[in-house]
Structures are given as C-alpha cells and as structure tokens.
Protein chains: 2
Amino acid sequence: MSTIGKALALLDSLCELDRDIGLSDLARLSALDKATTRRFLVELEKYGFVEQDGETRKYRLGAAPVRLARIRQARFPFASVAAPFVKALADAVGETVHLSEFAGGRLATIHVEDSTQAHRVIVDVGATLPLHATASGLAFLAFLPKAEAGRALARPLQRFSPETVIDADAVRTLLAETAARGFSVNRQGFETGVISAAAPIVAPNGRPVGALAVAAPIARADSAKILDIGERTAAAASAIAEKYYGTKR
Amino acid sequence: MSTIGKALALLDSLCELDRDIGLSDLARLSALDKATTRRFLVELEKYGFVEQDGETRKYRLGAAPVRLARIRQARFPFASVAAPFVKALADAVGETVHLSEFAGGRLATIHVEDSTQAHRVIVDVGATLPLHATASGLAFLAFLPKAEAGRALARPLQRFSPETVIDADAVRTLLAETAARGFSVNRQGFETGVISAAAPIVAPNGRPVGALAVAAPIARADSAKILDIGERTAAAASAIAEKYYGTKR
DNA sequence: AATAGAGGTTCAAATAATGAACCGCAAGCG
DNA sequence: CGCTTGCGGTTCATTATTTGAACCTCTATT
C-alpha cells in the first residue's frame, strides 16, 4: 500500500472518532507504528488536515477539509441544490430524510433534515452507509452496472442487526426489486426498529452519484405507507437530479 | 519532502483551478513527473479527494472533503456559530463581510456575507488570504506571538497591487498599530480600489484562530468610516469568540 | 522510590517512490 | 493520407524514502 493511502486511511480513522485521541491510541487503532503515525500526523498537520491540541497533545481532524469542501461545493453545489427538496420531502412525509453522496468508495451522509416528530430517527451527517445494509446503499447499488455492484457484494457482508441480509444472492434479489420499482426498502437491516426507503440520484451519464432516503420508526410505517414514501422519495430524487444537472437528460 | 506532503501539495494545486485539468498539465503545474502525478491522483481518487471525469479523463477535486468538513463542523461549528454575527455586521455596515480560519499554514475564507449594494466587493469562499497583504492577515499576525509573526515575514513579500506593503519592517509597524487598536486596516494592499478592516477571532488560550473582515469600495469609506467599521468588526469578532468558546475568557 | 505508560526521537534495514523511455491513440496539418 | 505532436497511461531498473525496534524524557499512579 502506498504511503498516501496509509496516510489517508489514518485520516479516516481519525474521522471515526468523535473525540480527540492520543498518539499511542491512534497508532494502535490504525495498526501503524507509533513513529510512522507521528510522522503522518505531523505531515497532515502541516496541511491542516489534522490539528494537535496544544495542551492535551491529542490529535483531531483539522480545518483544511472545510476549505476544500467550500471549493468543491462552489463548483458542485450538490448538497445546497438538493437541500430544498430534502426539506420538502421531510415536510411531506413527516419523517427524517437524509441525502448521501458516493465518494472514496463509500456512501456518506452529507445532509439531514430531521423529522419534526418527537419520536424520530436520528441520522448523523458524515456517517458512512453500508451498501448492502441500508436503503440508500441498496438504491445506489441497484442502479450501478451489475459488475460493479457485484464487487461490493464479493466480500463477506457485515451484520448490523438481526434482520441484516448478509447473503449476497438475497441482496441481489433486493437489488432487482429496487431497480424494477425505482426505490429500495430496508426493513430494520441497519438498525432495529427503523424502516427506510431510498432512491438514487442518477447523473446524466446513467451513473448514480448518491441517494435520497427516508428513515422512519417501524411502528409508524406499514407496508402501504412505506411504498407511498418510496414513490415520493423517487420523485424527489429525480427532481434533484433534474435541477442539479439542468433540465437535460 | 515526504510523499504525503507532495500528494497534499498536488491536491492544493488542483484546488487552485476552477476547472478540470488533464494529467500532463497538472504534472507540469505541480512540477512532478507525469507517472508520479498519476500515481498520486489514483491514490487520492481511491479516497475520494480527487475525481476523474469519465469522458474527458480530466481530474478535479473530489467529494471526500465535504464529508470530512461535515464531521469537523459537527464538532467545531465555527462557521455556523459565526454566521449570524457575520450577517448582522454585514447588515449594520452595508458592506461585504467575510470570515476566515487559519489552517494548514494559510488563512482561508470560510464564510462570506455579500453587501446588498450593487457596487460591492466580491470575495470568494475558499480563497487564501496573504498574511501581509490583507486586513484579515494583518489582524491575524498582529495577535500571534512575535516570533511566529516574524516567520511569516521572513520570506520576500509578494506584491498584489501597487499599494501592497512589501517591506517587512513597514508591515511590523502596521502590526503594532493593529495590536494597539484591536483591528487592522488595509488600504488597497490586496486589490486596488478596496479598503478593508479586520479583527482576529481569538481563542481562550490567546491564539488567533481566524479573522473577521469587512471589505468596501474605497470610494465609500473615508478614514472616519473605516475606523467606525473597524470598531464594529472588532466587537463582532469578540462576540463570535465569546459565543464559540463559551462565555469564559 | 518505583513503575507504567504517555509523547516523541533515532538510525540501520527494508521497502516504496521515482522518472526516462515507452505504448497506443486522436487531433492537427502539409 | 502519412507525418507529427501531444495526450493519457504504463514499465522497470535505479534511487531515495519509509520503517520500526529500541531508546529517551516526562508525568501520573501506586
């Protein structure tokens, strides 16, 4: 593995924490030598990707990504173009809606509109969505070329709840249904008690770039309800693609 | 220079462009071998920091920083905490106001509130502000320990306009004035026709972490006006620090 | 006073980065 | 058309960087 890959993997480890971390702990966590970890951190800090607390000497994610993100979003305002649609969908269905984008081999949440109801599903911005175990992931995979989707199902699939579908062929069946229907449904496969429906955001070249999903407490969404939500989600997803890519396509 | 540093520098080069760029061009621009450039790009792409256009084969900044930025901002909501103060200041003075943060050895704009007037100064989000030639940079330097400020003035200072102060000692005089007054003023030093006033955002440990600045067309801001703006900017900057760091300090 | 573990550093050994030369392809041109 | 130019991308012997066990120093705990 290249040095760059190792350094970026280290940065990823750092992101998964929601608190600062010491050198030794981080070295253990990322399975790198302490000296190597330190060299990487120093280098990453020079560029602002990592920040060291002056007092505790612990490390955390730096501010540089904020700058890069602004530059990226000035050119590709995916989240800001989508935001009003996400909000409208959240208002319409009364449940938590989240938008994810595929980048760096992972589908990650980039925008969340919380349900206004007291009993609601909480989704963290920045969280990674497993492709086989979330409605967003299924929606994304279902619209990817078969070969590429297969690659995501090649490794053993991780279980997240008792209901997680971890058999690759069973997932393929779900993908076929999703492709036919235009949206995916995931019943408690990621978190017990949560049901989701999601639809992909598809670029003009036919590739999905992300997904729009609604997550509801299972008590509030029977089969008919979730199908209705799915339809609305699919409509909102294509509205986002239309707006973002211009009316063409 | 380490491989990581080279790769991140390459990423920086990529950021400075506002359009996609081909492999050969980018290699020339970043003074790396073509093969090396490609290896770096492939590695960066794996992690989503770089994106290659499937049709043109050109490269651009990827979406991964957006995810990292969200994670960072969930923990340190500097921009979102500051936003209302920036807006209030913009409304009060009727000019463009921008907020910058220091990270990775550069002061970069992270939020802008445009003036509502037709004739206004445009500031790009994500842009890097030279420390010696902008009001923001002077405000930042003035509140940094002398030794560190000195380091920023050690190299030859770049000229951006006929009025740019490029003599280190002259800059030091400006810094002393700024420290005494609590805000900096920059008269056309960065862009001809633009006058700015800025104040640092200072952390509880005494270190400046960024700056708040107002930029106005010089025709609209005489000496008295700019001093008034400076006072308001300094007040807003300390209000931001107070809010962001809690009432302590 | 002794111990454990933290952050950080060193230098010979091991490994990964490097870049000149190469390929195949497409566009521009006489 | 055939030739040239420059593109994106690849190869592999050479070279320079990365690596990590052992080390140091400092602080907190016992």
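Residue numbers begin at 1 in each chain, while the letters A, B, ... track the order of the sequences. These values consider heavy atoms only, across backbone and side chains, with no hydrogens, waters or symmetry-generated copies.
Look at CZ on A:R39: it is 8 Å from P on D:dG20, rounded to the nearest Å. In this structure, B:E45 atom CD and D:dG9 atom C1' are separated by 14 Å, rounded to whole Å. Rounding to whole angstrom units, CG of residue B:D20 and C1' of D:dC7 are separated by 16 Å. The distance from atom CG of A:L44 to atom P of D:dT18 is 13 Å, rounded to the nearest whole Å. Protein atom CZ of A:F40 is 11 Å distant from nucleotide atom C1' of D:dT17, rounded to whole Å. Taking atom CG of residue A:L32 and atom P of nucleotide D:dT18, one finds them 14 Å apart after rounding to whole Å. In this structure, CG of B:D25 is placed 12 Å from P of D:dG6, rounded to the nearest angstrom.
Side-chain N or O atoms of A:R67 include none that pairs as donor or acceptor with a backbone N or O of A:R70 at under 3.5 Å.
For A:K34 against D:dG20, a side-chain-to-base donor-acceptor contact under 3.5 Å is absent.
In this structure, B:R75 pairs ionically with A:D20, as a charged nitrogen and a carboxylate oxygen lie closer than 4.0 Å. For the pair A:R151 and A:E148, the salt-bridge criterion is not met [side-chain N within less than 4.0 Å of a carboxylate O].
If you check D:dG9, D:dG20, C:dG7 against the side chain of B:Q52, the one that comes closest is D:dG9. Of the listed nucleotides (C:dG19, D:dG9, D:dA21), D:dG9 has the atom at the smallest distance from the side chain of B:Y59. Out of D:dG9, C:dA6, D:dG20, the shortest distance to the side chain of A:S24 is found at C:dA6.
Annotation: of the two residues near DNA chain C, A:I4 and A:T56, the 5′-most nearest-nucleotide partner is A:T56. Nearest-nucleotide assignment on DNA chain D puts the 5′-proximal partner with B:R28, out of B:R28 and A:D33.
The side chain of A:T3 places no N or O atom within less than 4.0 Å of a non-bridging phosphate oxygen (OP1 or OP2) of D:dT17. Taking 4.0 angstrom as the limit, A:R57 places a side-chain polar atom (N or O) nearer than this to OP1 or OP2 of C:dG8. OP1 and OP2 of D:dT17 both lie 4.0 Å or more from every side-chain N or O belonging to B:K6. Using a 4.0 Å cut-off, some side-chain N or O of A:R38 falls inside it from OP1 or OP2 of C:dT9.
Put simply, the residue from A:L11, A:T36, A:L23 that forms a side-chain contact (heavy atoms from CB on, under 4.5 Å) with A:L41 is A:L23.
Within the 4.0 angstrom heavy-atom criterion, no nucleotide atom of any strand lies near A:E43. Counting any heavy atom pair closer than 4.0 Å across all strands shown, A:K58 reaches no nucleic acid atom.
The environment of CD in A:E55 is sparse: at most 12 heavy-atom neighbours from other residues, nucleotides or ligands sit within 6.0 Å.
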